[in-house]
Engineer: 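The structure's right below; bear with me while I get my questions together.
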Amino acid sequence: MEKEIIRLEHINYTSNGHQIINDVSMSVSEGTTTVITGRAGSGKSSLLKIMASILIPDSGNVCYSPEIRKNFRKKSGFVFSDSALWSNSSIYDNISLPLQVYFPKMNRNEILERIDEVCEIMDFHPDLKLRPADFSEGQQKTISFMRALIHRPDIIFMENPLKSLDFETINRVIKLIGEIKNKKSTLVITTSMPEFTSAFGDVVFTLKDGKI
Amino acid sequence: MTSSNPLYASAFVCNTFRSVWKVMTNWHISKKVLSMQILFTGFEALSIILFSGLAIGSIIIIYFLGLLSQLGADQLMYKILIVIITRELGPILTAFIIIARSGTAIATELGTMVAHHEIEAYIATGIDPMTYLVAPRFLGVTFSLFLLNIYFNFAGLIGSFFVSYLFTDITFHDYFTNVTSVLKASDLILSAVKSLVFGIIISLVSTYNGLRVENALTEIPQVAIKAVSVSFMLCIVVNLMMTFYSYF
């Protein structure tokens, strides 16, 4: 039986007076791919961000296993639906900032090696001096994958990972998810695409009006 | 907006002061943001501060030179210069220029970052937005305002000297001696304290309002206007209180 690494207990979350998440309890096990699905506005993204400690719930508990809780950020990566790249920073800074934070002693050559590594994974080699605005939406999304993967996290949160991507990049992301699954890393994905849910989800949660 | 209550504002201020210490421990990450803020707020404002200082100094001397000569109180001119430029106009005018230039820029930039989920991306990367975004702006604006106030004072006194020289043939040595003879340590301290306090007000109000944006891009101009109007109002009220306190 897989080990439980994240457990949500009776989570409630409101935004601007609207109840987004309504008494949700669920858990995520180590080495599994958990897919949270549901219609647009059902609360998938909020739930994912609560799970990743980006949003704070109004009530309820988010519990992490001791090994995940210690250095949680270093052990996790997050791919945002709309990329959320830092617009005032270069692509180099966007991709390498997690390394600068988690490995302050890493020199520039080592950082460039890591960047090359994630560029190979995503088969995209952007000019590192440019800024996010110089790239298309799909390219920005690809760069946000690189940012989430560069520090080799154990658990990866993906918010609508296929949004804004072209057909070729969708295939690459699907292949990447398969590789992550094979490595027994933990994945938590939100999506509203049913075919994606059945292909990869070891565990599937369906949200409707903020309830599972 | 949930973040508009006084308790949230107080917590924000306390958190900012606490984060200033963390900037030092995360220096390798924060130094770039801090140096960019000093560049935008301090260095890039030098020309407008120089121009304003020279113009204000010239206007004051033109106005009072004739008036005080008629009254036979020429020596009073230097005291008036110090009171107006060093104690009053230097800090407040510099603050107004910084509100117009950097206050709006900070509120708009942070508001845009919130709306585009860039702040959430920092949190996901393990970077505290208070330490990485707010504290360097707080330090950068306060430090820049302090230095720009000194620069404004020099510009104002140089401007008034040029006009005096044109009309009275006073030498720089005599002018400088007269100015330093009426300049007291309390004038310099008050001017410095005012500029530091105004820097703190502008940076806190601008960052606080910028981070109040929740989702919509339409909130960004609203918070920018709010940041400017609140900064103006607070600087004027605090200036009045400090001037009042210094005389009584």
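A, B, ... follow the sequence lines: proteins, then strands. Residue 1 opens every chain.
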Engineer: Flag yes if more than 12 heavy atoms outside A:Leu112 fall under 6.0 Å of its CG atom; otherwise flag no.
Structural biologist: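 Counting neighbours around CG of A:Leu112, more than 12 heavy atoms of other residues, nucleotides or ligands fall under 6.0 Å, so yes.
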
Engineer: If you count heavy atoms of other groups shown closer than 6.0 angstrom to CZ of B:Phe154, is the number above 12?
Structural biologist: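 For B:Phe154, atom CZ is not crowded (no more than 12 foreign heavy atoms under 6.0 Å).
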
Engineer: Is there side-chain contact between B:Ile123 and A:Arg73, with at least one heavy-atom pair below 4.5 Å?
Structural biologist: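 Heavy-atom side-chain distance check passes, below 4.5 Å.
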
Engineer: Tell me, for A:Asn71 versus chain B, whether the close heavy atoms (under 4.5 Å) come from the side chain, the backbone, both or neither.
Structural biologist: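 Answer is neither: A:Asn71 stays 4.5 Å or more from chain B.
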
Engineer: Would you say that more than 12 heavy atoms from the other residues, nucleotides or ligands in this model lie under 6.0 Å from the CZ of B:Phe162, or not?
Structural biologist: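 For B:Phe162, atom CZ is not crowded (no more than 12 foreign heavy atoms under 6.0 Å).
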
Engineer: Would you mind telling me which of A:Pro98, A:Ser87, A:Ala52 has the largest number of heavy-atom pairs within less than 4.5 Å of chain B?
Structural biologist: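 Winner by heavy-atom pair count: A:Ser87.
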
Engineer: Flag yes if more than 12 heavy atoms outside B:Lys226 fall under 6.0 Å of its NZ atom; otherwise flag no.
Structural biologist: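 For B:Lys226, atom NZ is not crowded (no more than 12 foreign heavy atoms under 6.0 Å).
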
Engineer: Hey, are the side chains of B:Tyr122 and A:Leu97 touching, using non-hydrogen atoms and a 4.5 Å cut-off?
Structural biologist: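 SC-SC contact between B:Tyr122 and A:Leu97 confirmed.
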
Engineer: Quick check on A:Asp127: does its CG atom have over 12 non-hydrogen neighbours (other residues, nucleotides or ligands) under 6.0 Å away?
Structural biologist: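 Yes.
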
Engineer: Report which part of A:Leu55 has an atom under 4.5 Å of a heavy atom belonging to chain B: side chain, backbone, both, or neither.
Structural biologist: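 It is the side chain, since no backbone atom gets that close.
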
Engineer: Measure the spacing between OG of A:Ser89 and CD of B:Glu118 and express it to the nearest 0.5 Å.
Structural biologist: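 That separation rounds to 8.0 Å.
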
Engineer: Which answer fits A:Lys74, side chain, backbone, both or neither, if we ask what part of it has an atom under 4.5 Å from a heavy atom of chain B?
Structural biologist: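 The answer is neither part of A:Lys74.
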
Engineer: Could you tell me whether the side chain of B:Thr125 reaches within less than 4.5 Å of the side chain of A:Trp86, counting heavy atoms only?
Structural biologist: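 They are in side-chain contact.
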
Engineer: Is there a side-chain contact (heavy atoms from CB on, under 4.5 Å) between A:Asp93 and B:Lys32? Walk through the geometry before answering.
Structural biologist: CA-CA 11 Å; A:Asp93 283 334; B:Lys32 192 174 176 185; 2.6 Å; yes

Engineer: Got a sec: does the CZ of B:Phe143 have more than 12 other heavy atoms crowding it under 6.0 Å?
Structural biologist: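 No, because the 6.0 Å sphere around CZ of B:Phe143 holds 12 heavy atoms or fewer from other groups.
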
Engineer: Tell me the closest heavy-atom pair linking B:Ala121 and A:Ala84, and the distance in Å.
Structural biologist: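 That would be CB-O, 3.5 Å.
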
Engineer: Would you mind checking which part of A:Ser53 comes under 4.5 Å of any heavy atom in chain B, side chain (CB onward), backbone (N, CA, C, O), both or neither?
Structural biologist: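 Just the backbone, heavy atoms under 4.5 Å.
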
Engineer: Which pair of heavy atoms, one from B:Ala124 and one from A:Phe78, lies closest together, and at what distance?
Structural biologist: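 Looks like CB-CB, 3.9 Å.
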
Engineer: Just wondering, do B:His117 and A:Lys49 contact through their side chains at under 4.5 Å, heavy atoms?
Structural biologist: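 Counting from C-beta outward, A:Lys49 and B:His117 do come under 4.5 Å.
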
Engineer: Let me know if A:Phe157 has heavy atoms under 4.5 Å from chain B in its side chain, its backbone, both or neither.
Structural biologist: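 Looking at A:Phe157, nothing touches chain B.
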
Engineer: Give a yes or no on whether A:Glu137 atom CD has more than 12 heavy-atom contacts from other residues, nucleotides or ligands under 6.0 Å away.
Structural biologist: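 No.
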
